[in-house]
Amino acid sequence: MVLQPSASSNRSSSVGSVSSTAVSSLSATLISVADLARWVPLRLTPEERSLLDVLEQTLHVSEYTDHVDVTAAARRGGLKTRRILEGILECCHIATGLAVASGQERQLTELIGKQEQDLDAQKTMLKKKKKKLLKLKKSKKKISAATSSAANGSRTSWAGRDPVDNAALFQTMFEIGRRNKVLNPTSMRTTYGKLMYLLQDAQNPSVAKSLGFSLHKDMVLVQPYLEEHNCADLLQDSRLECAVQHIHDRDPVTGQRLDRAHVQAMVEGKRRVTDQLVEAYSASGSLSPKNVLRAIDSLADAVAYVESNVQPVQRMLQYLEDNFDPHRETPGFTLALGGSSRGGFSNSYAKYGLSAYSSGSNDGPTLSHSHSTQFIFVWQSLRLWSKVMRHMHRLWVCADNDLLSTTQTYHLYNTGQGLNRVQNCPRVRKVMHMLLHQTQQEAGAAWVGLSVVHLGDRDVPNALIFIDKYTQIPRFLNPIVGFLQSLPELCRDERIDAYVKEQFGSEHRLQMAVLADYFKHGFDGSGDDGGSCIDGRLTSSWNWTSRVAKKSYYNVLMLSGFQGFDGDFR
């Protein structure tokens, strides 16, 4: 079954009132392909990638956030709307110039022409639903201006038009950037925030009125795209699960490499099924074979992304269950914590996780847990992370909608972690509370720690910060899992094997040292006040990564090819 979680060994024992099912079961509610398609963006075409290059170059040279936010904080308000308008128009002019200079204006004009059709459809919907002639006339002026400019695109260069005449170009370009980020979360790490903050300001009613046109366009998602072209039946076809499955070269449970012939046979089978679907639905619907394949590949990308993110979390859960007994401590590898009482729960603000109000230090553990309690605390945290990873596409789309809401305004605050835009996140909050409630029910016991989800406050100011925090989970778990899986092969080298035995006693004791250290100090409350809230668990793990260079096993970690947790910012 697609998106099936990897299995894990079971324990027959329990911790206090926690049942064996709560401790060891790794089964999760499956996500059907049809449900996933509601939140998965459509793959970019070559023409869209050309426009993405223009956007990235524009954002790279723009100083929008410095010009708007930093200046606003320094001057305490003033002419902020004017600075916003100047910054948006500057980005539009830069993007127009780069698009023309790219030499692909004719090809891109055809792409933008599709957006004009969407604008015409919006005009029709406006006429049917609202039936207000005055509003229709105002909308018609904006839409007809953009439509006529697109129709004359071959005669009039984008560079010779006013920004309002290029509205469709900007809407398409910014939508492509947002869609690309959801499809490739490791991209645009230095420019995505600037993009979203610019669009967030453009959504302000007063700014939009002064600007004269909108920069917003809904992301193109797979299910609406298929429905629009009468191909929605594809999502109900039982063959689709085979066509979008993620083929591993390793066993998801043991981590051992699979036979090459077996993997190749699965690849060939997947290709045959994909060809059958493309042939069937390109004939029955209004999509070309190329676009049917594009929709299928978009879902396959999403499945691969979800499974690659869930896999390290599931592996860490398996390591926890296989190597630690919740009832008794393994000599030398206890998970018990004896944290300080600083900050934390005596402070009335810390009750709500507002770490910026604490006068205590953020160094060292803050939680005091027995071995059994810490085992359950880690298990519940990883279990929740696994669910979050499975629903990342939904969370991305909800975060996009929250950030670009026309009803939820933001306030600029110094949160203790720098200058941030603090904005409510109702859609993301709803999904997170749902996932947390499911995890609490599956645990079958009292929740260890706080169940506060920080969103729109000083800890997690807005949906952009939230989504960025949770994309870090596979970034710091993958290196740990990769190192542990590579130990047997690494120790085949006699010199490394001799070093491991001299320093740790055996390969297994080295593995236990790494696991015990992470399960203990990656969830000890350090780096956050209190540390047991939903946000604090993630903060503690990320804080643990900053101290890994001081660990006794760091030298062996480096020998395995480890280069850091942060990834590439290009």
Side-chain angles (χ1 to χ4, degrees), residues 62 64-65 67-73 75-93 95 115 118-147 162-175 177-178 192-219 397-413 419-429 455-456 461-465:
S62 171
Y64 179 81
T65 47
H67 183 64
V68 172
D69 287 353
V70 176
T71 305
R75 296 184 181 179
R76 298 279 180 188
L79 303 175
K80 184 176 180 180
T81 300
R82 172 188 273 183
R83 289 194 296 274
I84 289 174
L85 289 170
E86 290 174 352
I88 292 174
L89 290 174
E90 180 186 46
C91 284
C92 290
H93 288 311
Q115 170 70 359
D118 293 339
L119 289 174
D120 286 337
Q122 291 174 17
K123 181 175 66 173
T124 303
M125 291 294 293
L126 187 66
K127 185 185 297 183
K128 288 182 178 180
K129 288 185 176 182
K130 296 190 175 180
K131 295 181 180 179
K132 293 182 180 180
L133 295 177
L134 183 60
K135 290 187 177 180
L136 182 60
K137 288 179 180 179
K138 292 181 179 179
S139 300
K140 186 176 180 181
K141 288 180 180 179
K142 298 176 184 177
I143 294 171
S144 61
T147 305
D162 291 331
V164 67
D165 297 325
N166 289 330
L169 166 66
F170 304 135
Q171 290 172 9
T172 303
M173 181 177 65
F174 289 129
E175 185 274 334
R178 290 153 51 213
Y192 178 68
K194 195 182 302 183
L195 164 66
M196 296 307 295
Y197 284 167
L198 183 150
L199 293 176
Q200 187 182 48
D201 286 334
Q203 287 293 91
N204 184 291
S206 62
V207 173
K209 183 177 179 180
S210 300
L211 196 60
F213 61 95
S214 172
L215 296 179
H216 181 265
K217 176 189 174 185
D218 290 337
M219 277 197 291
V397 174
C398 290
D400 183 88
N401 290 334
D402 280 338
L403 280 165
L404 303 185
S405 170
T406 56
T407 58
Q408 301 291 336
T409 58
Y410 71 85
H411 301 279
L412 202 61
Y413 291 138
L419 199 63
N420 283 285
R421 297 185 177 198
V422 180
Q423 180 191 32
N424 195 19
C425 321
R427 296 173 181 84
V428 173
R429 184 184 299 278
L455 282 168
N462 55 54
L464 175 63
I465 305 299

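Look at Asp201 and Arg421 and you find a salt bridge, because one of the NZ, NE, NH1 or NH2 atoms lies within 4.0 Å of a carboxylate O, short of that distance.
For Pro163 against Phe170, the heavy-atom pair with the smallest separation is O-CE1, 3.4 Å. Scanning both residues, Asp69 and Leu419, for their nearest heavy atoms gives O-CD2, 3.8 Å. Taking each heavy atom of Phe213 and Val164 in turn, the nearest pair found is CD2-CA, 3.6 Å. The two residues Ser62 and Lys194 have their closest heavy-atom pair at O-NZ, 2.7 Å. Looking at every heavy atom in both residues, Ala202 comes nearest to Leu215 through CB-CD1, 3.8 Å. Closest non-hydrogen pair, Leu198 versus Cys91, comes out as CD1-SG, 3.4 Å.
Residues satisfying the side chain to side chain donor-acceptor pair (under 3.5 Å) test with Ser206, not counting sequence neighbours, are Asn204. Considering only residues two or more places apart in sequence or on other chains, Tyr197 meets the side chain to side chain donor-acceptor pair (under 3.5 Å) condition with Asn462. The side chain to side chain contact (heavy atoms under 4.5 Å, CB included) search around Ser214 returns Gln171, Gln203, His216, not counting sequence neighbours. Listed by chain and number, the residues in a side chain to side chain donor-acceptor pair (under 3.5 Å) with Asn401 amount to none (sequence neighbours excluded). For Glu86, the side chain to side chain contact (heavy atoms under 4.5 Å, CB included) partners are His67, Arg82, not counting sequence neighbours.
Between Thr81 atom OG1 and Leu211 atom CG the span is 12.0 Å, to the nearest 0.5 Å. Atom OH of Tyr410 and atom OG of Ser405 lie 13.5 Å apart (nearest 0.5 Å). Arg178 CZ to Asp400 CG: the interatomic distance, rounded to the nearest 0.5 Å, is 4.0 Å.
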Got a list of side-chain donor-acceptor pairs under 3.5 Å for residues 422-429, not counting sequence neighbours?
unit_1 : atom_1 : unit_2 : atom_2 : d
Gln423 : OE1    : Gln200 : NE2    : 2.9
Gln423 : NE2    : Asp402 : O      : 3.2
Gln423 : NE2    : Gln408 : O      : 2.7
Arg427 : NH1    : Asp402 : OD1    : 3.0
Arg429 : NH2    : Leu455 : O      : 2.6

Between Met196 and Leu404, does the side chain to side chain contact (heavy atoms under 4.5 Å, CB included) criterion hold? Intermediate values first, please. CA-CA 8 Å; Met196 296 307 295; Leu404 303 185; 3.9 Å; yes

